[in-house]
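None of the values given here were measured: they were computed from a predicted structure. Each chain gets a letter, A, B and so on, in the order the sequences are listed, and its residues count up from 1. Note that these values count all heavy atoms, side chains included, but never hydrogens, waters or copies made by symmetry.
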Amino acid sequence: MTTPEHTSAIPLQVLDHNDVFRDEVYQEQFENKREFENGASKEEVERVLQWTQTWEYREKNFARESLTVNPAKACQPLGAVLAGLGFEGTLPLVHGSQGCVSYFRSHFARHFKEPVPAASTSMTEDAAVFGGINNLVEAMDNMSALYKPKHIAVSTTCMAEVIGEDLFSYIGAAREQEAISQDFPVSYAHTPSFVGSHINGYDVMLKGILDSLSKSADADASKIEKSDKVRLNIIPGFDTYVGNHREYRRMLELMGVHPIILGDHSASLDSPADGEYDLYPGGTTLVDGAQAKFNRASFILQESTLRRTAELINDVWKQELVTLETPIGVTGTDAFVTAVARTADVKVPAELTLERGRLVDAITDSSAYVHGKRVAIAGDPDLVVALTRFVLELGMVPVHIVSTNADSTFKARMEKALSASKFGDAATVWPEKDLWHLRSLVFTEPVDLLIGSMQLKWIGRETNTPLFRVGFPIFDRHHLHRFPIVGYTGGLHLLTGLVNTILDELDRNAPAHSYDAVR
Amino acid sequence: MTTPEHTSAIPLQVLDHNDVFRDEVYQEQFENKREFENGASKEEVERVLQWTQTWEYREKNFARESLTVNPAKACQPLGAVLAGLGFEGTLPLVHGSQGCVSYFRSHFARHFKEPVPAASTSMTEDAAVFGGINNLVEAMDNMSALYKPKHIAVSTTCMAEVIGEDLFSYIGAAREQEAISQDFPVSYAHTPSFVGSHINGYDVMLKGILDSLSKSADADASKIEKSDKVRLNIIPGFDTYVGNHREYRRMLELMGVHPIILGDHSASLDSPADGEYDLYPGGTTLVDGAQAKFNRASFILQESTLRRTAELINDVWKQELVTLETPIGVTGTDAFVTAVARTADVKVPAELTLERGRLVDAITDSSAYVHGKRVAIAGDPDLVVALTRFVLELGMVPVHIVSTNADSTFKARMEKALSASKFGDAATVWPEKDLWHLRSLVFTEPVDLLIGSMQLKWIGRETNTPLFRVGFPIFDRHHLHRFPIVGYTGGLHLLTGLVNTILDELDRNAPAHSYDAVR
Amino acid sequence: MTTTPVPTRAETEAMIADVLAQYPKKAAKFRAKHIKANDPEGSKECEVKSNIKSRPGVMTIRGCSYAGSKGVVWGPVKDMVTISHGPVGCGQYSWATRRNYAHGHLGVNNWTAMQVTTDFQEKDIVFGGDTKLEKVLDEIVDLFPLAKGISVQSECPIGLIGDDIEAVAKKSSKKLGLPIIPVRCEGFRGVSQSLGHHIANDAVRDHVLGTGEGTFEQTDYDVALIGDYNIGGDVWASRRILEEMGLRVIAQWSGDGTINEMASTHLSKLNLIHCYRSMNYICTTMEERYNTPWTEFNFFGPTKIVSSMRKIAEFFDDEIKAKTEAAIARYQVRFDEIIKAFRPRLEGKRVMLAIGGLRPRHTIGAYEDLGMEVIGTGYEFAHKDDYTRTYGMLKEGVVLYDDPTAFEVEEFAKHLKPDLMGAGVKEKYVFHKMGIPFRQMHSWDYSGPYHGVDGFAVFARDMDQAVNSPTWDLLEAPWSKAGEVA
Amino acid sequence: MTTTPVPTRAETEAMIADVLAQYPKKAAKFRAKHIKANDPEGSKECEVKSNIKSRPGVMTIRGCSYAGSKGVVWGPVKDMVTISHGPVGCGQYSWATRRNYAHGHLGVNNWTAMQVTTDFQEKDIVFGGDTKLEKVLDEIVDLFPLAKGISVQSECPIGLIGDDIEAVAKKSSKKLGLPIIPVRCEGFRGVSQSLGHHIANDAVRDHVLGTGEGTFEQTDYDVALIGDYNIGGDVWASRRILEEMGLRVIAQWSGDGTINEMASTHLSKLNLIHCYRSMNYICTTMEERYNTPWTEFNFFGPTKIVSSMRKIAEFFDDEIKAKTEAAIARYQVRFDEIIKAFRPRLEGKRVMLAIGGLRPRHTIGAYEDLGMEVIGTGYEFAHKDDYTRTYGMLKEGVVLYDDPTAFEVEEFAKHLKPDLMGAGVKEKYVFHKMGIPFRQMHSWDYSGPYHGVDGFAVFARDMDQAVNSPTWDLLEAPWSKAGEVA
């Protein structure tokens, strides 16, 4: 015997849903149930399935004007909640039906695998008729008592918007009725679900927060700690990579710049498991938010997302505004680093140059495997633009580019990015299309790789195309958001994921002789 | 039409070996060729294949005493080359046949995707008869002229060892004959290929380097820059993760300790692509190596590997020696951090505690998917011990543990690790066995996951078991070695890779209904 | 092994008072009616108030009416297209997250894991969405020719802007030749998912029930399986038992179900209801309309499975009873095996629950079969009849909480230090941080089935994994908070 | 598009002098004989010395005799077990890295991508390894019953410790009833892989050649394909052409080959040799022993493929010639397509090569077919006859380097700034850092085939990918070395 007897730590092999239903008894059950279902015959189902994969179906699919199927976007208040979570001691409060907040909390919890505190004003029929002022006032009273926030960030649902709720006066009422003190910081934003998407909700809530904080008592330039370092505001936007926030901070610190990340949810959505639950584990401090307007400049890193925030900075704060593509990939990060160096009047440290060179080196190593690979990319517009620029750098060939929540400026931005590369001319850009459109695109014009959120996984399976998961939401893989995708470090993470996804697939499909030891 | 006409950046779809031979014309060619091969019938091949997967074959396979098939080890001078590459301006020189060095350079180049400078004394038949003194002297002359090293690290091949070459006197001759100057730093080690493995070669070469540097003119305590910081030597050993070297440095710096990584090849095996090739892009400085003996303590992080180096430190340097398991996973890193804090008399900074908590948090998030998964682990002994401890922390169940180059102490170390966990009792430990043994183990007692180098990929394919690549060599996936696997950060990298490998496999095998959106 | 007993009623009451003391007065008074130390007799003073509005700002774990109708009842009907009618969010957040498994090809003859929406824009709010809805219905039929019906799930704005979805549904149903069911489940209606269930049941009643004439020969053993949503395959594991008892399941409501099954359920001889909360309405309706008897059952864990099987068999002849006993005998072998393997690892472990539907009480027996004890439980959206069914299942002094707030669940857990917490994804990660083993008891934490014999094995394995994960030993760093090592 | 012309002979000579000036005197003098500016006429003063020991310490790119025998010739014979006899390293580093593809199941009827070794320990060195070898042979037969033969590839120590592997092989061969071939390819023998090829050829000659009597009916069109190792499937692409010409390939040496094919090759009517360097010996032997004619051919790129096909057809009758022309006509369509697609992207690009075997000259035509120009080339382990075949293929002034050192290749590249470098994995990453597009021309950089019609498409695609990768635009940071931004 070549193995000793031993007992196992796992007492019984148990089959769950992944396996148990393969059993004959279940297969028979499923077959017999068809009698009661009275569905189409297997042949008919197969025929329709095949038809849905044709150009004919694609044309029909793209002809629809009103129906939306599997869109890659969510609604405004979701974004507003994320904006709130980016600030110290902040509890988001969403004014409207309570189900919305349950959804927002679940949605983020599934992505971040983290608790997501947010409260609702729990409006019901009566509030629909008489207005929700009492709901909002009581909500603030209860929140203050139970959850002791330092700041409340109020946004709205479609219900509140349809009936025309006036947040400004309601918050005033809450102060008057002593649900909160006169000087308790409250920010607010109107975030109707039937306008724009989650990215716009993020934007207006962030604007609301910055606006209110910048008018607070802390907004006093004389209170800023003296330092030789130039202070720059970095505004990542609706960015679900907590690793990105840390990477921005690290890069700026390396450059000798004092970074203020406005909307830093990297602590609140990546808190430790250490035996105690901390409701408010971090975020941009309220003081930093208040003093942000005095810093040398603000960097807007999601152009489409942060329109209204940019307006605040430009028109109200009258601060220098630097708007850049999200710094993904080599040239994307180059632009960021250069702009920071220029704005802060600092040099680029050798360490960053070295990191850059290492990323370029890694790209040259992987070039043969990524070069010429046809990809489809889907997601939020700013992310899609930045990812497209990165894959072009790699010599990949974007074919289908879909952004459900892109607006009219998207096509021009994309075309600028595409036309800057020889590898961009196969791409077709599809703003406002959904993932059921993308399904048709991939069936009719296949690609080697899908790049986007978990929501593309069904297309991946149906079309037998590997999916490289980037963006939001990613419910079905773990910890990806904990690493950066921005900066040279982020580029290496993305590259590693991309090339190894391709290599996994290559190995999986390789004939025995081509199952190579070296790649 | 839903897509415009466009030209593609990739002019022609070309089928390479992965696809072209699927064509009928080739399939026919292969079939027809069988006539000339006169091989066994397909049925016979199938019968034997099935037999090789049985317990009967396993017993026969484990009964062999002399034959080695697919061992997971290489020879000593390979390790010696890596040790040399860990020091500033060092060109490894291997005394013996020249083919060896070609192999070492290729082997490392395939893993690191980096240039690997190393020279040979190019001994041939005449040198076998008359000795290779002239070869060594001329080699040093040529190396100095062409490659201008600051230090040469000489090791031997089996040829040189069989004929009994005397490196010490040859190096003296080189100085005499002015191939190198009298004070030019040369280190050496005898590294016979027929004793031990690459890890031992690493050890004796490192010992040789530290010994020679510590006797150099720079070995002067008074020359050490004054600082409040305690200086600690960190000795990673034969560690192919350049990310590890950086992570050690980062952790110690966070703790306010001055780290001296002895054998730091993180620059030489991860240099930038910036238009210029630098033969010597980094490494432990010769001065740091020379002064290492004055630092407060040395941390040995590969117990089995670094025996002789430990002897030098303990017996010759008489320095405090801290021997720890490679700090992989939570408790592994805890032990390291604690030992550093204790030795350097510093506190653990909050940032490290936070990183720890985040890793623990990530582990709890993934627990349901890793818990109870049966794994086989193979590789160098120190790595295998540390990885086993990590998977036990996760509630995984190690089943087969193979280390071809483990020695007699391995079993006891492993059993200590295994018995410390409820999840360890299913494991069987196989020192000195090879991967053809492992194949039998996995066929007869299947596992959910293989953990080890690229060399396990064939077992993965044959037994339909996913392979999570860790260790050396990994020729067929890119950039994995650029990230750390040690420390809390490294733990997160490993965990992310492990759980997502499992999730990929789960999705791949899931029936349509179980193709879940959330995991 | 934990041996802390369940607190006495007085201790529990003190704990409750402690927690409530931190609320503002009004909310404290309100919440006091919803949180009680259990009296197994169900005495008046221990009665838990339920099905009442949540207080604003408290972080209720509840959802809304739409969630109850679209997410729970209608969504799982696989051969119908379910439209989330209104803005994009509601459908987006409930897309493919409930794990109500179904056979069929997505987008071809199965629409369960898809998000189909009218995606309201500002103009739809201003000018009304009926025109868009009509167009969407046309396009659905065009793109999804095998759809057997369409349900229109109203989101908040629909009821506020005065749309007449009933008229559109009626008109389009005629035009397109397939059932189109308008459902008035706007999220602001009622106080939780529960009203959504009711509204959804009523819509089935008004538009579907009795419209089918059966595509099959009837038998005396025809039953319908009501209130099982096939989370992780639950309904299949349950159906297996019923079939092995000799019964024939002619309809599943609504996990892996079809409109034809719902339409033909009036042909059932007996309605078997698992999730009483969400589907008692339709059972009552069928009882009234068709005299169909119905009975509750519980397929969680050996004890309840066996007693439920016998209870169901009582409705039938000796042949069924004999088959039932034979099946029980077979199952017992498997039950013993599972209990032998897992009970020693779970014995004495204390469980807290905070979930919806039937589970806060239905899983108690399964935990007890594994030697575990439920020391606190509560419902997200129960009614009085749920609590009535619960009191007697638990020891005196067990804390019961209706519509518990995040604050309460966390505070009770800090007091009671359970060995296992079962709640939803919103709660899960809080307890991870606290180092308390946790299972999601809505989604089975992406595992399952938990129903039936096959499900009990999975349930036991999962509880073992959670409770006995080595992870929980890692939480504490081996140095002080100040970073000092010993 | 690059238009820099090839340097004149004088310019090249100046460049060579520049580079050699950095050597110590002795080495410079030595190396001077190995590096020349090309004279297409092959004049005496331009003759490149070759097949001479490398200088110590220069970082030669060469390997050893074992690499030539085990790695190149014997390793690819798929139904034999190849033992790396001696310490573990040699077999380990050459395990599955050469990409000599073969059909069959690894470890069952194919041992190409396996590392089988006697793994010498100190005691084997001290007491000799013959006993261990004999035991290993027994165990191989035991574990690998379908092996058709075993070759024993000697590593350095074998020749030094006085082992008698010939005796062991003879004895065990008899005992075990299968061919066991001792090969004296110790790494210290000779100056490069080349002697290993020769030794390996001799071992085939002495132990295998002519021992088979053919398992097939002979025809007039039987040929053997010699010197193709099936890197990335090369031999399959080549064989396809020969078969489409009407020929029958009775043996492949040795890519995807078998011992039976080698043993029966004496029945071939014509030996076709691709890699002249590594297998001319066996062709000469067969010519001497069996009067088998042989001819060299080149299946890289359209020009050489077409001329080689016609050259081969000349050995046969009109039927073959007609089939050959028909095939050429078919191929031309594909060639045109490939050239149309890729030539515009590669026209004028300048290539440097430093490789082994046949490739430093055999690929020139293929590059030229794509409009590219080879501006420097050299062999790792060539003999005089290789250079003789090379001079005429290149323009005057092209730099030729024999057994180039790492230093030389890098320096010449810095001078010549080629658009593409082709060498091995040891060189690859140096050029990546320098920003010079690079292809591994030993392993086809894990691509291939490059032979034949199908291979040319892959070759063209790969060169395009390397040269036109956008990667090369990224090397320079947009700030100064000091980190100053403009």
Q. In terms of heavy-atom proximity below 4.5 Å to chain B, should D/Tyr101 be classed as side chain, backbone, both, or neither?
A. side chain

Q | chain D contact via B/Ala127 - side chain, backbone, both or neither, heavy atoms under 4.5 Å | A | neither

Q. Which answer fits B/Ser66, side chain, backbone, both or neither, if we ask what part of it has an atom under 4.5 Å from a heavy atom of chain D?
A. both

Q) Looking at D/Gly232 and B/Phe21, what are the two nearest heavy atoms and their distance? A) O-CE1, 3.7 Å

Q. What pair of heavy atoms forms the shortest contact from B/Tyr147 to D/Phe407, and how long is it?
A. OH-N, 3.0 Å

Q. In terms of ring plane angle, is the pair B/Trp458 and D/Trp95 parallel, tilted or perpendicular, where the classes change at 30° and 60°?
A. parallel

Q.
Counting only non-hydrogen atoms closer than 4.5 Å, does D/Ala96 touch chain B with its backbone (N, CA, C, O), its side chain (CB onward), both, or neither?
A. side chain

**Q.** Interface moiety of D/Thr97 toward chain B, non-hydrogen atoms closer than 4.5 Å
**A.** both

Q: Using non-hydrogen atoms and a 4.5 Å limit, figure out which bit of D/Leu146 sits close to chain B: side chain, backbone, both or neither.
A: side chain

(Q) If I measure from the heavy atoms of chain D, does B/Leu15 come under 4.5 Å with its side chain, its backbone, both, or neither? (A) backbone

Q: Measure the spacing between OG of B/Ser120 and CZ of D/Arg55 and express it to the nearest 0.5 Å.
A: 12.0 Å

Q: Would you mind checking which part of D/Leu195 comes under 4.5 Å of any heavy atom in chain B, side chain (CB onward), backbone (N, CA, C, O), both or neither?
A: side chain

Q.
Strictly distance-based, threshold 3.5 Å: is any side-chain N or O of B/Asn70 a donor or acceptor partner for the main-chain N or O of D/Gln115?
A. yes

Q. At a heavy-atom separation under 4.5 Å, does B/Ala118 approach chain D through its side chain, its backbone, both, or neither?
A. backbone

**Q.** Contacting moiety of D/Ser264, where chain B heavy atoms sit under 4.5 Å
**A.** neither

Q) Checking heavy atoms, do the side chain of B/Gln76, its backbone, both or neither come under 4.5 Å from chain D? A) neither

**Q.** Residue list, side chain to side chain contact (heavy atoms under 4.5 Å, CB included) with B/Ser144, at least two apart or on another chain
**A.** B/Ile180

Q) With a 4.5 Å heavy-atom cut-off, do B/Asp16 and D/Trp444 have their side chains touching? A) no

Q) Do you know which of B/Val101, B/Asp434, B/Asn61, B/Leu91 has the most heavy-atom pairs with chain D at a distance under 4.5 angstrom? A) B/Asn61

Q: Could you tell me whether a side-chain N or O of B/Ser102 sits under 3.5 Å from a main-chain N or O of D/Arg62, the two making a donor and an acceptor?
A: yes

Q | Which atoms of D/Lys78 approach chain B - backbone, side chain, both or neither, heavy atom under 4.5 Å | A | side chain

Q.
Between D/Arg461 and chain B, with a heavy-atom cut-off of 4.5 Å, which part of the residue counts as in contact: side chain, backbone, both or neither?
A. side chain

(Q) Is D/Ile338 close to chain B through its backbone or its side chain, or both, or neither, when contacts mean heavy atoms under 4.5 Å? (A) both

Q. Which residues, numbered in order, of residues 133-140 of chain B come under 4.5 angstrom of chain D by heavy-atom distance?
A. B/Asn135, B/Glu138, B/Ala139

Q.
For B/His107 and D/Gln92: C-alpha separation, side-chain torsions, deciding distance, then whether side chain to side chain donor-acceptor pair (under 3.5 Å) applies.
A. CA-CA 9 Å; B/His107 204 66; D/Gln92 202 68 6; over 6 Å; no

Q) Counting heavy-atom pairs under 4.5 Å to chain B, which of D/Arg248, D/Glu186, D/Lys26, D/Lys414 comes out on top? A) D/Arg248

**Q.** Contact class of B/Val45 relative to chain D, heavy atoms under 4.5 angstrom
**A.** both

Q.
Taking side-chain hydrogen bond (donor to acceptor under 3.5 Å, both in side chains) as the definition, give me every residue that meets it alongside D/Glu410, ordered by chain and number, with sequence neighbours left out.
A. none

**Q.** Top of B/Met143, B/His198, B/Met123, B/Gln455 for chain D proximity - count of heavy-atom pairs under 4.5 angstrom
**A.** B/Gln455

Q) Under a 4.5 Å heavy-atom cut-off, does chain D meet the side chain of B/Glu28, its backbone, both or neither? A) neither

Q: Identify which part of B/Val69 has an atom lying under 4.5 Å from any heavy atom of chain D, answering side chain, backbone, both or neither.
A: both

**Q.** Max heavy-atom pair count under 4.5 Å with chain D, selected residue of B/Ala128, B/Gly132, B/Gly196, B/Ser271
**A.** B/Ser271

Q) Using a cut-off of under 4.5 Å for heavy-atom pairs, which of B/Glu35, B/Lys113, B/Glu276 has the most such pairs with chain D? A) B/Lys113

(Q) If I measure from the heavy atoms of chain D, does B/Pro71 come under 4.5 Å with its side chain, its backbone, both, or neither? (A) both

Q.
For D/Pro24 versus B/Ala145, what's the shortest heavy-atom pair and its separation?
A. CD-CB, 3.4 Å

Q: Please list all pairs passing the salt bridge (Lys or Arg N to Asp or Glu O under 4.0 Å) test where one or both residues lie in residues 113-122 of chain D, with sequence neighbours left out.
A: B/Lys73-D/Asp119

Q: Tell me, for D/Phe431 versus chain B, whether the close heavy atoms (under 4.5 Å) come from the side chain, the backbone, both or neither.
A: neither

Q: Against chain D, label B/Phe112 side chain, backbone, both or neither, depending on which of its atoms sit under 4.5 Å from a heavy atom there.
A: neither

Q) Which bit of D/Lys148 is near chain B, if near means a heavy-atom gap under 4.5 Å: side chain, backbone, both or neither? A) side chain

Q: State, yes or no, whether a side-chain contact exists between B/Glu114 and D/Lys433 at a heavy-atom distance under 4.5 Å.
A: yes

Q | Pair D/Lys53 + B/Asp126, salt bridge at N-O below 4.0 Å | A | yes

Q | Contact summary for B/Leu146 and D/Tyr23, nearest pair of heavy atoms | A | CD1-CE2, 3.4 Å

Q: Look up atom CZ in D/Arg189 and atom OG1 in B/Thr124, then write down how far apart they are to the nearest 0.5 Å.
A: 11.5 Å

Q: Write down the atom of B/Val48, the atom of D/Pro145, and the distance for their closest heavy-atom approach.
A: CG1-CG, 4.1 Å

Q: Pick whichever of D/Leu106, D/Val191, D/Asp256, D/Ile61 has the most heavy-atom pairs under 4.5 Å with chain B.
A: D/Asp256

Q) Would you say the side-chain atoms of D/Glu139 pair up with the backbone N or O of B/Arg64, donor to acceptor, closer than 3.5 Å? A) no

**Q.** Contact winner vs chain B - D/Trp472, D/Phe188, D/Tyr450, D/Phe216, heavy-atom pairs under 4.5 Å
**A.** D/Phe188

Q. So which part of B/Pro117 gets closer than 4.5 Å to some heavy atom of chain D, the side chain, the backbone, both or neither?
A. both

Q.
Given heavy-atom pairs under 4.5 angstrom as the criterion, report whether the side chain, backbone, both or neither of B/Leu49 touches chain D.
A. both

Q) At their closest point, which heavy atom of B/Met159 faces which heavy atom of D/Cys156, and how far apart are they? A) CB-CB, 4.0 Å

Q. What residue, out of D/Ile140, D/Asp79, D/Ile161, has the most heavy-atom pairs lying under 4.5 Å from chain B?
A. D/Ile140

